[in-house]
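Before any comments, here is the structure.
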2 protein chains.
Amino acid sequence: METERPDLGAMVMRLGRRLIAMEEPILARHGVTMWAYVVLTGLRDSPTRTQAALAQSIGADKTRLIPILDDLQKRGLIEREPDPADRRARLLGLTAAGTELHRAIQAEIRVAEAGLLKDVDGDAFVAALRALS
Amino acid sequence: METERPDLGAMVMRLGRRLIAMEEPILARHGVTMWAYVVLTGLRDSPTRTQAALAQSIGADKTRLIPILDDLQKRGLIEREPDPADRRARLLGLTAAGTELHRAIQAEIRVAEAGLLKDVDGDAFVAALRALS
DNA sequence: TATTGTTATACTCTATAACTATA
DNA sequence: TATAGTTATAGAGTATAACAATA
């Protein structure tokens with residue numbers, strides 16, 4: 001039997017805001033926005049794609065991606081070159097610098113997450129969250 | 001030891017989007033927006049307040065509240081009358097109809113939530129989520 | 001003609017600033 | 001003068017529509 005509680009949605013949203021507040025200083029210290037970090041993560045997980053496919057995989061609009069990719073490319077964090085086989089498409093991937101930046105940021109985020117999870121059964125929570133998300 | 005997994009923030013955001021997608025048809029069927037439902041919930045949890053206090057408690061701007069309150073009042077779901085002791089303030093509360101509408105919506109949401117949680121240890125997940133949020 | 005990426009535009013959401021009325 | 005609520009305005013974020021290059 002379950003006691004009175006807030007809606008799942010309300011709790012998840014509050015936790016989401018808390019996590020963003022936690023991550024934002026880390027991202028800022030490394031000079032990337034949340035979306036830029038999401039892009040780096042997306043490219044690390046699946047390095048070669050068209051921009052449209054990347055946009056869909058991270059849940060963003062393809063037009064929103066463009067200034068983000070422009071910036072990441074200018075800073076040497078991603079590669080972005082026309083596909084020789086179909087010059088309409090752009091092959092995307094992390095550079096060594098991009099890979100390292102992502103690794104560094106994610107490492108800090110993991111430390112912060114561990115601090116948050118230490119009061120609960122973290123493994124069980126993460127397992128359930130993975131199944132639900 | 002923890003296996004490779006997405007960031008907590010990414011998973012929580014995905015779950016949040018999933019929950020919103022789940023709730024939206026329920027809310028639409030009852031003719032209320034997400035914010036209107038949040039307002040009803042806020043007033044049920046703590047019936048009497050100023051609009052500014054309500055806004056803060058639900059994490060909204062006070063100016064955003066106004067058209068929502070206008071609509072809820074016009075539909076007879078909330079009471080909103082000047083405080084006799086300080087006529088600048090508006091005393092807010094649910095009407096019987098508002099209480100019943102909120103109850104009906106929340107009941108449907110709980111059913112939908114149960115469907116979602118049936119594949120995981122729901123009680124443990126909710127307990128951890130409460131603690132974290 | 002269809003598709004990828006891009007640019008230009010419009011729309012939605014949200015917050016800021018200015019105003020009215022009470023105190 | 002200070003505060004609650006309201007209205008008007010501006011800003012950020014996002015999506016839609018039009019365009020250029022390639023297939």
Side-chain angles (χ1 to χ4, degrees), chain A residues 9-10 13-14 16-17 19-21 23-24 27-28 31-39 42-43 46-74 77-93, chain B residues 9-10 13-14 16-17 19-21 23-24 27-28 32-39 42-43 46-75 77-93:
Chain A
M13 284 302 161
R14 271 202 298 278
R17 280 195 287 268
L19 288 167
I20 287 174
E23 292 182 15
E24 217 110 68
L27 296 171
V32 296
T33 64
M34 183 65 77
W35 275 116
Y37 175 66
V38 170
V39 164
L43 288 178
S46 167
T48 204
R49 279 207 208 88
T50 65
Q51 293 183 187
L54 173 62
Q56 183 175 14
S57 82
I58 65 176
D61 193 274
K62 64 173 180 166
T63 61
R64 264 161 65 195
L65 225 56
I66 288 164
I68 302 167
L69 294 175
D70 289 348
D71 178 64
L72 291 174
Q73 183 180 25
K74 189 159 35 186
L77 299 170
I78 64 168
E79 277 163 358
R80 185 201 205 183
E81 40 182 314
D83 183 346
D86 180 351
R87 301 213 320 284
R88 291 174 304 183
R90 305 278 176 274
L91 296 173
L92 299 172
Chain B
M13 284 302 160
R14 271 203 297 278
R17 281 196 287 267
L19 288 168
I20 288 174
E23 292 182 14
E24 217 111 68
L27 296 171
V32 296
T33 63
M34 183 65 77
W35 274 116
Y37 176 65
V38 170
V39 164
L43 289 178
S46 167
T48 204
R49 280 209 208 86
T50 66
Q51 294 183 187
L54 174 62
Q56 183 175 14
S57 82
I58 65 176
D61 192 275
K62 64 173 180 166
T63 61
R64 263 159 67 194
L65 225 56
I66 287 164
I68 301 166
L69 295 175
D70 289 346
D71 178 64
L72 291 174
Q73 183 180 26
K74 189 158 39 185
R75 293 164 61 186
L77 299 170
I78 64 168
E79 277 163 357
R80 183 201 206 183
E81 40 182 313
D83 183 345
D86 180 348
R87 302 215 317 287
R88 292 174 303 182
R90 305 278 175 273
L91 296 173
L92 299 172

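Residue numbering restarts at 1 for every chain, and letters A, B, ... go by the order of the sequence lines.
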Gap between atoms [atom1] and [atom2], on [X] and [N] respectively (whole Å):
{"X": "A:Gln56", "N": "C:dG5", "atom1": "CD", "atom2": "C1'", "answer": "16 Å"}
{"X": "A:Asp83", "N": "C:dG5", "atom1": "CG", "atom2": "C1'", "answer": "13 Å"}
{"X": "A:Asp86", "N": "C:dT4", "atom1": "CG", "atom2": "P", "answer": "8 Å"}

Report yes if some heavy atom in the side chain of [X] is under 4.5 Å from a heavy atom in the side chain of [Y]; otherwise report no.
{"X": "A:Leu54", "Y": "A:Ser46", "answer": "no"}
{"X": "A:Met13", "Y": "B:Leu19", "answer": "no"}
{"X": "A:Thr50", "Y": "A:Arg88", "answer": "no"}
{"X": "B:Leu92", "Y": "B:Gln51", "answer": "yes"}

Nearest heavy-atom pair of [X] and [Y]: which atoms, and what distance?
{"X": "A:Gly42", "Y": "A:Ile58", "answer": "CA-CG2, 4.4 Å"}
{"X": "B:Ala36", "Y": "B:Ile68", "answer": "CA-CG2, 3.8 Å"}
{"X": "B:Ala85", "Y": "B:Asp83", "answer": "N-OD1, 2.8 Å"}

Spatial distance of atom [atom1] ([X]) from atom [atom2] ([Y]) [nearest 0.5 Å]:
{"X": "B:Ile78", "Y": "B:Leu69", "atom1": "CD1", "atom2": "CG", "value": "4.5 Å"}
{"X": "A:Asp71", "Y": "A:Ile66", "atom1": "CG", "atom2": "CD1", "value": "14.0 Å"}
{"X": "B:Glu24", "Y": "B:Thr33", "atom1": "CD", "atom2": "OG1", "value": "9.0 Å"}

Please list, in 5' to 3' order, the outermost nucleotides of DNA chain D lying under 4.0 Å from any heavy atom of chain B. D:dA2 to D:dT7
Can you give one letter per nucleotide of nucleotides 14-21 of chain C, going 5' to 3': B for a protein heavy atom under 4.0 Å from the base, S for sugar-phosphate only, - for none? SBBB----
The answer to which of A:Arg49 and B:Pro84 contacts DNA chain C further toward the 5' end, by nearest nucleotide, is A:Arg49
Tell me, which of residues 66-73 of chain A have any heavy atom that sits under 4.0 Å from an atom in DNA chain D? none
